[in-house]
Structures are given as structure tokens and as C-alpha cells.
2 protein chains.
Amino acid sequence: MVVLEFSDQDVNRLFRALADATRRDVVRRTLVADVSVSQLADSYDMSFAAVQKHVAVLEEAGLVTKEPRGRERMVRGNPDRIREAQRLLDRFEEIWRSRIDRLDVLLAEDDPAPPDT
Amino acid sequence: MVVLEFSDQDVNRLFRALADATRRDVVRRTLVADVSVSQLADSYDMSFAAVQKHVAVLEEAGLVTKEPRGRERMVRGNPDRIREAQRLLDRFEEIWRSRIDRLDVLLAEDDPAPPDT
DNA sequence: ATATCATACAATCAAATGGTTGTATTAGAG
DNA sequence: CTCTAATACAACCATTTGATTGTATGATAT
């Protein structure tokens with residue numbers, strides 16, 4: 001199994017890409033089916049170039065891929081990257097849970113003398 | 001059960017807040033234990049005011065809360081917000097899975113005649 | 001062959017972001 | 001009471017972001 005490591009920059013790009021409603025919509029739509037850039041552009045109230053840039057941001061974040069199809073570029077959502085984002089959030093949850101565990105250990109102490117920090 | 005709805009803006013703020021390594025570190029540290037703003041500021045190679053701003057961004061995103069403790073402000077990570085971020089990502093996964101399901105239905109068709117869209 | 005559609009990309013611009021320093025306020029320590 | 005530590009907040013600045021328009025290129029259709 002390949003454990004792909006994420007640099008801080010990668011994680012920044014990933015969450016940054018998700019921090020825009022248009023981009024989230026693009027991801028949703030392209031998870032359902034491949035959609036060309038121009039089809040996407042028709043859906044939003046902004047220029048073609050603007051949509052193109054949003055797709056580029058998603059592509060750099062790994063959230064979509066582009067595949068040439070004739071004169072079009074079909075955009076495809078990448079569910080793996082979503083899962084990787086989830087995994088990153090899981091780690092925060094783990095940290096939280098480990099805090100709880102440590103508190104439980106304290107509460108379970110027979111001798112309630114506080115440990116010196 | 002209170003179903004709190006998220007506006008696009010809320011979601012933007014949430015992911016934007018996570019798109020910075022310093023802020024992610026603050027969240028991790030404050031999930032483990034309450035930490036004052038000045039304690040945080042000591043850890044990073046930037047001014048107190050800069051750290052203060054990062055904490056403010058996290059607070060607006062709901063990822064941390066601040067509680068006055070004497071002359072300090074203790075920062076506390078909010079695990080609920082992390083879970084809400086996870087829930088948002090879950091929805092993307094669901095969309096992906098529903099696509100698979102639809103493909104399965106197509107493959108399971110006895111009569112392979114394509115449905116008219 | 002030509003016109004057109006889909007895309008790429010550069011230049012430009014306003015607004016947001018991430019940092020700084022400086023000043024003010026407030027709470028605790030001496 | 002006075003000094004200091006912790007915070008808040010404003011002003012400022014450089015860089016990035018999100019959008020625009022304009023120009024160029026490649027693939028399709030006529």
C-alpha cells in the first residue's frame with residue numbers, strides 16, 4: 001500500500017480549493033459525471049476564463065482531473081482526494097479522542113494526587 | 001435534534017480556516033488542552049498580533065472558542081466543528097456512491113435498451 | 001478551406017489575506 | 001498605586017485571489 005504523504009502546501013491547496021462555493025459545485029457535478037469546461041461555464045454567472053481558473057485550482061489540489069475528449073476537456077471529480085481530506089480531518093478527531101482518554105485515565109486514578117507537571 | 005444549516009459563506013470560512021498550517025496547528029494544540037493566545041504566540045515565528053489574527057479566523061469559522069481566564073484568553077478547539085466539516089465531505093462521498101449505484105442499475109438491466117433521457 | 005467552437009493563456013484590476021508596527025485597555029503582581 | 005503582562009485593535013503594506021478582457025491555437029463542422 002502506498003502511503004502518500006502530504007506537505008503542508010498540499011493540505012493548504014486542498015482545503016483552499018474547497019473554500020469556494022463554485023468550486024465545491026464543480027466537484028459535486030463532476031463526481032456524478034464527466035463535464036466539459038464549457039458545459040460548466042454555462043452554469044455559472046461568470047466568464048469562461050473564470051470557470052477555467054476554478055477548474056485549474058481544483059486540478060492543482062487534486063480534486064479533479066482533466067481528460068482531452070476531442071476539442072473538449074472533460075473534467076472528472078476525484079473521490080480519492082475527498083477521502084484523503086476526510087482522513088486529514090479524522091486525525092483531528094483522533095487528537096480529540098486521545099484527550100478524552102487521558103482524562104479518563106486521570107479520573108480512574110485510585111490515588112487522586114495530581115501529577116506534577 | 002437541532003439541524004444547523006450551513007450557508008455557503010459558513011462553509012467557505014470553515015475550509016478557508018483549515019487552509020493554513022499555523023491555524024491547523026493551533027486547532028490541534030487547542031483540542032488537546034486550553035492554551036492562551038500568548039502561549040500560542042510563543043510557539044510561532046511571527047508577531048503576537050499575527051497569531052491573534054489566526055485565532056480570530058479560527059473563531060469566526062467556529063473551530064475554536066475563546067474564554068476569558070483572568071487576563072488571558074484561553075483558546076479551546078471545537079471538535080463539533082471538525083465533525084461538521086467531515087459531514088460536509090461525507091456528502092461528496094455520497095454523491096460519488098450514488099453514481100456507482102446508478103451504474104450498477106444500468107449494468108443490471110435485463111433489457112439493455114438505453115432509457116431515453 | 002473556412003468558419004466556429006472549446007480551450008489556453010497573458011495582462012490587468014479590485015478586494016482579500018497574512019503579515020507588520022504602534023497605541024490603548026485591562027488585569028494581576030509587587 | 002504602579003508596573004507589567006496579555007490582549008485588542010487600527011493603520012499600513014506586499015502578495016494572492018477572483019474576476020475581467022483580449023489574443024492565440026487546435027479540433028469540428030459545413
Side-chain angles (χ1 to χ4, degrees), chain A residues 7-30 33-77 85, chain B residues 7-30 33-77 85:
Chain A
S7 71
D8 276 349
Q9 270 248 348
D10 293 335
V11 181
N12 292 354
R13 267 194 280 264
L14 181 51
F15 285 122
R16 188 112 205 20
L18 289 168
D20 179 279
T22 301
R23 289 196 291 258
R24 286 191 299 274
D25 196 63
V26 168
V27 171
R28 277 185 222 104
R29 287 187 57 190
T30 59
D34 292 7
V35 187
S36 74
V37 180
S38 52
Q39 282 176 315
L40 289 171
D42 289 341
S43 316
Y44 307 110
D45 189 23
M46 65 183 75
S47 68
F48 175 85
V51 174
Q52 217 176 10
K53 280 200 198 176
H54 280 306
V55 172
V57 169
L58 289 170
E59 199 178 13
E60 280 169 36
L63 283 164
V64 306
T65 55
K66 270 192 297 188
E67 189 181 343
R69 185 90 154 184
R71 65 179 152 183
E72 295 171 296
R73 298 291 183 279
M74 304 309 287
V75 182
R76 175 175 309 176
Chain B
S7 72
D8 277 349
Q9 269 249 347
D10 292 335
V11 181
N12 292 353
R13 267 194 279 264
L14 181 52
F15 285 121
R16 186 106 204 28
L18 289 169
D20 179 279
T22 302
R23 289 196 291 258
R24 286 191 300 274
D25 196 64
V26 168
V27 171
R28 277 185 223 105
R29 287 188 57 190
T30 59
D34 293 6
V35 187
S36 73
V37 180
S38 51
Q39 282 176 312
L40 289 171
D42 289 340
S43 316
Y44 306 109
D45 188 23
M46 67 184 75
S47 69
F48 176 86
V51 174
Q52 216 177 11
K53 279 199 196 178
H54 281 306
V55 171
V57 169
L58 289 169
E59 199 178 13
E60 279 168 37
L63 283 163
V64 306
T65 56
K66 270 193 296 186
E67 189 181 342
R69 185 89 153 185
R71 64 177 153 181
E72 295 170 296
R73 298 292 183 275
M74 304 309 286
V75 182
R76 175 174 311 175

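In the text below, chain A, chain B and the rest are named by the order of the sequence lines, each starting its count at 1. Side-chain atoms are counted along with the backbone in the values below, which use heavy atoms only and exclude waters and symmetry mates.
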### Pairing residues for A:Ser43 by the side-chain hydrogen bond (donor to acceptor under 3.5 Å, both in side chains) criterion, not counting sequence neighbours
A:Arg29
### Task
With rounding to the nearest 0.5 Å, note down the distance linking CG in B:Leu40 to CE in B:Met74.
9.0 Å
#### Entry: Sorted by number, the residues of residues 64-74 of chain B with heavy-atom contact under 4.0 Å to DNA chain C
B:Gly70, B:Arg71
### Message
So, using salt bridge (Lys or Arg N to Asp or Glu O under 4.0 Å) as the criterion, who are the partners of A:Arg28 when residues are at least two apart?
### Response
A:Asp25
### Gap between atoms NZ and C1', on B:Lys53 and D:dA14 respectively (whole Å)
12 Å
### Message
Quick check on contacts: within residues 33-51 of chain B, what sits under 4.0 Å from DNA chain D by heavy-atom distance?
### Response
B:Ser36, B:Val37, B:Ser38, B:Phe48, B:Ala49
## Note on the structure
Closest heavy-atom pair, B:Ala85 versus B:Phe15, reported as atoms and distance to 0.1 Å, is O-CZ, 4.4 Å
### Task
Give the rounded distance in Å between these two atoms: NE2 of B:His54 and P of D:dC9.
18 Å
### Task
Write down the distance between CG (A:Leu58) and C1' (D:dT17), rounded to a whole number of angstrom.
14 Å
### Query
Which of residues 13-30 of chain B sit near DNA chain C, with a heavy atom under 4.0 Å from it?
B:Arg16, B:Arg23
### Query
Which pairs pass salt bridge (charged side-chain N to carboxylate O under 4.0 Å, His left out) with one or both residues in residues 8-22 of chain B, sequence neighbours excluded?
A:Arg24-B:Asp8, B:Asp10-B:Arg13
## Note on the structure
For A:Ser38, the side-chain hydrogen bond (donor to acceptor under 3.5 Å, both in side chains) test, sequence neighbours excluded, returns A:Ser36
Donor-acceptor contacts, no H, no angles, side chain residues 50-64 of chain B, under 3.5 Å, sequence neighbours left out:
unit_1  : atom_1 : unit_2  : atom_2 : d
B:His54 : ND1    : B:Arg23 : NH1    : 3.2

### Query
Separation of B:Gln52 atom CD from C:dT26 atom P, in whole Å?
15 Å
### Pairs meeting criterion salt bridge (charged side-chain N to carboxylate O under 4.0 Å, His left out) with involvement of residues 33-44 of chain A, two or more places apart
A:Asp34-A:Arg76
